[in-house]
Amino acid sequence: MAEPEQTAPAAKDDLRARQANGVWSRLRESDLGYSFVRHPSAIFAAALLGLIALSALLAPWITPQNPYDLAALELWNSEIPPIWDERGQLPYLLGTDVQGRDMLSAILYGSRISLIIGFASVILALSVGLTLGLIAGYFGGWIDNVIMRIGDILLSMPFILIAILISAMATASLPPSLKSALAAPILIFAIAVPSWVQYARTVRASTMVERRKEYVQAARLIRVKSWRIMLQHILPNTLTPIMVAATLNFGLAILSEATLSFLGVGMPSDQPSLGTLIRFGNEYLFSGLWWIVVFPAVQLCLIVVSVNMIGDWLRDALNPKLQ
Amino acid sequence: MNRTDAILEAVALERRFDVSAPWLNRVIERKPRQTLRAVDGVDFQIRRGQTLAIVGESGCGKSTIAKLVTGLYEPSGGAIQFHGDPNRMQMIFQDPYASLNPRWRVGRIIAEPLRTLRPETSAVDLGARVDELLRTVGLSPSDASKYPHAFSGGQRQRISIARALAGDPEFLVCDEPTSALDVSVQAQVLNLMKQLQRDFGLTYLFISHDLSVVRHMADEIAVMYLGRIVEIQPKADLFERPLHPYTRMLLETIPDLKVPNRDRKPMGGEVPSPIAPPKGCSFHPRCPLAFDRCMSERPVRNADVHQGRVACFAAEETRK
Ligand SMILES: Nc1ncnc2c1ncn2[C@@H]1O[C@H](COP(=O)(O)OP(=O)(O)OP(=O)(O)O)[C@@H](O)[C@H]1O
Ligand code: SF4
Ligand SMILES: [Mg+2]
């Protein structure tokens, strides 16, 4: 260690990291944490998204009613405007719909469905995209060609069109008894199918760079298995651009789900997502019951905008050229 | 050399690369396929416990030989015969920044060969061995929990050496292990490698473009030019009586320790492209001794010319 050479420039980060103890302070002292606390918009977006996610997950325990328990709905409570209107009533803070359903409860339950479908489809697309991208980039040759050409074909059609086709086809071919139970898995699949390609391309590109590096050769030299090299050596070195893509795609997936549900090929009325709520509310927009459509739409906007703000910050924070 | 004490032999070793343009471009531009002979008929032997150095300018095929020897490339012709335990061959790489996985802690990096080659090793033994290896290469056991970015180039190269030692090697391929380092650090790493060679009885294939580094390390030196070995001699002989004009040219470009301000001749001429090497002796466009035979015929190492140490027609004239 007594070498008379300069310490590598990166060594100062390590110094910073070592001075801090514990996971939280280490996180705050990391480059990403450092950038986070300096970007108020990122903090705001993360706080907003956290609040929405928490309230959505806790919906069954914090909402005044279960909006889909038909027995709990009372018709004489229908079409109540929000609480600040003079006709407003407690506990219906955001009013009720035409069936007497509390809007706030419906929105929180709907956000739950939207967030879960968005998240699950990102996870599914990520697992498929990472696996295929690693295989294509590491082995090359015909297997690379097959995977990437399938991706090209998928990308040659509009994203939403593929999702509509899959969702409509799957729904049409199912017996009615299964439709409702399988609605969410079908949507998750329909959104994941066109979106794995982007992950696969990103991972393939970094894999082709990494696999030539000498640390990979060192592992190959001692005959570490290919799948181990891919998962343990290469994958961790490709994750940075993937994190950005996954975050931005999370917003996109929630929007796609809303679009499909709005078009009537998404979540059914007995388990409505935000998109389904907007679809039904849309019919009453011109009859003066604006709150039935505006509040779910505002919630959808808040979710997507905060996700995208986090994604944009992440992209800038992880891109050394922009710092 | 006695065949039995050679741990590694390369016989008529060849490696070609297809460097053609993509199929569509070839069809449109009517270009033929192109192959590059990175290693073009190379023979050498390395004796147990010794160091064979390969020197030559950039692009002459040194790294390709290293990868052929370690099995990272398959030969296109000829063969590598390794008479040791294939699990005990290791490599030290040139680029200290690319040769360690930036996402792995140093302890895990060093333990990987052990964990792979001897999976039965217990976690406790593994930790103890990593500590021992870190001390062997002059680092501290506490460095095991750090990431590579915390280290300088010379320290990283020590980590690479520790990783290579972890598999208990008998044969090490070192591809320009110090060319990315400052001169002062170079000497320390080279000294460490020499000491390890003595302590563990290692055999080295040592690759470098720098004759002054090679003078420090080698027992025998092979000089490469455009994929071929043009001269191979024991170190003292090569420095005292270089046989090939290219070797003499290389020797003139290294700084003389006794007369550092001597007018050093810059290396004359450009290295031709290995895709279309010159006809005859591929060195003839740069050779001060070239004569007509050199343009048409290709010199080979020949046992009755200077004991097969040189491939050059001019040297044949002065044969012994
Ligand atoms: N995978 C490959 N595909 C095509 N050409 C290659 C490949 N690897 C090496 N070459 C070519 O083969 C020749 C020899 O390369 P090599 O890396 O062995 O040279 P080197 O002597 O190690 O050079 P350096 O000192 O720059 O490391 C070069 O012309 C190089 O461009
Ligand atoms: S063979 Fe001819 S050209 Fe080649 S090195 Fe000898 S003298 Fe020079
Ligand atoms: Mg090289």
Side-chain angles (χ1 to χ4, degrees), chain A residues 1-21 26 29-31 140-142 144-145 206-243 318 320, chain B residues 63 66-67 70-73 86-104 108-109 112-117 134 137-140 142-143 145-158 160 163-164 166-167 169 173 175 181-182 184-186 188-189:
Chain A
M1 287 281 294
E3 296 185 25
E5 24 179 338
Q6 307 155 295
T7 342
K12 71 172 194 298
D13 303 14
D14 185 67
L15 216 72
R16 213 160 63 194
R18 254 179 300 154
Q19 285 159 351
N21 301 307
R26 258 217 306 281
E29 295 295 327
S30 72
D31 289 344
W142 66 269
D144 176 28
N145 263 320
S206 346
T207 302
M208 290 183 3
V209 174
E210 295 298 320
R211 77 152 187 221
R212 288 182 202 287
K213 291 203 179 152
E214 295 171 343
Y215 72 87
V216 172
Q217 296 178 5
R220 281 176 51 200
L221 197 67
I222 50 173
R223 287 175 283 283
V224 178
K225 301 247 183 329
S226 296
W227 64 268
R228 259 179 191 274
I229 295 184
M230 286 191 269
L231 289 182
Q232 299 186 342
H233 280 288
I234 295 180
L235 185 61
N237 285 295
T238 60
L239 286 182
T240 305
I242 285 298
M243 273 164 66
L318 293 175
Chain B
S63 297
K67 287 177 183 160
T70 50
L72 291 171
Y73 285 160
N87 281 335
R88 297 180 64 199
M89 183 190 289
Q90 285 286 341
M91 183 157 177
I92 300 170
F93 297 91
Q94 170 172 7
D95 181 354
Y97 292 88
S99 58
L100 306 175
N101 187 337
R103 307 268 164 173
W104 281 29
R108 187 176 176 200
I109 291 175
E112 190 184 31
L114 256 181
R115 203 179 275 136
T116 312
L117 299 171
L134 279 167
V137 298
L139 295 172
S140 122
S142 65
D143 291 332
S145 61
K146 297 176 194 162
Y147 285 95
H149 71 72
F151 298 90
S152 63
Q155 292 168 330
R156 286 174 190 231
Q157 225 43 343
R158 288 168 187 264
S160 266
R163 169 178 61 191
V173 177
D175 188 0
L181 307 179
D182 294 345
S184 59
V185 185
Q186 268 192 22
Q188 295 170 8
V189 173

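Only heavy atoms go into these numbers, but all of them, side chains included; no hydrogens, no water, no symmetry mates. Chain letters run A, B, ... following the sequence lines, proteins first, then strands; residues in each count from 1.
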Run the side chain to side chain contact (heavy atoms under 4.5 Å, CB included) test on A/E214 and B/M91 for me, step by step, so that the C-alpha distance in whole Å, both residues' side-chain angles and the decisive distance to 0.1 Å come before the verdict.
CA-CA 10 Å; A/E214 295 171 343; B/M91 183 157 177; over 6 Å; no
Pick whichever of B/T70, B/L72, B/I92 has the most heavy-atom pairs under 4.5 Å with chain A.
B/L72
For chain A, which candidate among B/V137, B/D175, B/D95, B/L117 shows the most heavy-atom pairs at distances under 4.5 Å?
B/D95
Identify which part of B/R108 has an atom lying under 4.5 Å from any heavy atom of chain A, answering side chain, backbone, both or neither.
side chain
Relative to chain B, which of A/R220, A/K225, A/Q217 shows the most heavy atom pairs under 4.5 Å?
A/Q217
Donor-acceptor pair, distance only, cut-off 3.5 Å: does the side chain of A/D144 make one with the backbone of A/G141?
no
Okay, side chain of B/R163, backbone of B/I109: is any donor-acceptor separation there less than 3.5 Å?
no
Interface moiety of A/R212 toward chain B, non-hydrogen atoms closer than 4.5 Å:
neither
Proximal component of A/Q232, with respect to chain B [non-hydrogen, under 4.5 Å]:
both
For a quick test of your reading: what N or O donor-acceptor pairs under 3.5 Å do the side chains of residues 233-240 of chain A make, sequence neighbours left out?
| unit_1 | atom_1 | unit_2 | atom_2 | d |
| --- | --- | --- | --- | --- |
| A/H233 | ND1 | B/N101 | ND2 | 3.0 |
| A/H233 | NE2 | B/E112 | OE1 | 3.4 |
| A/H233 | NE2 | B/E112 | OE2 | 2.7 |
| A/N237 | ND2 | A/Y215 | OH | 2.9 |
| A/N237 | ND2 | A/H233 | O | 2.9 |
| A/N237 | ND2 | B/N101 | OD1 | 2.9 |
| A/T238 | OG1 | A/L235 | O | 2.8 |
| A/T240 | OG1 | B/R103 | NH2 | 3.4 |

Take A/R223 and B/T116 through the test side chain to side chain contact (heavy atoms under 4.5 Å, CB included) and record every step on the way to the result.
CA-CA 8 Å; A/R223 287 175 283 283; B/T116 312; 5.9 Å; no
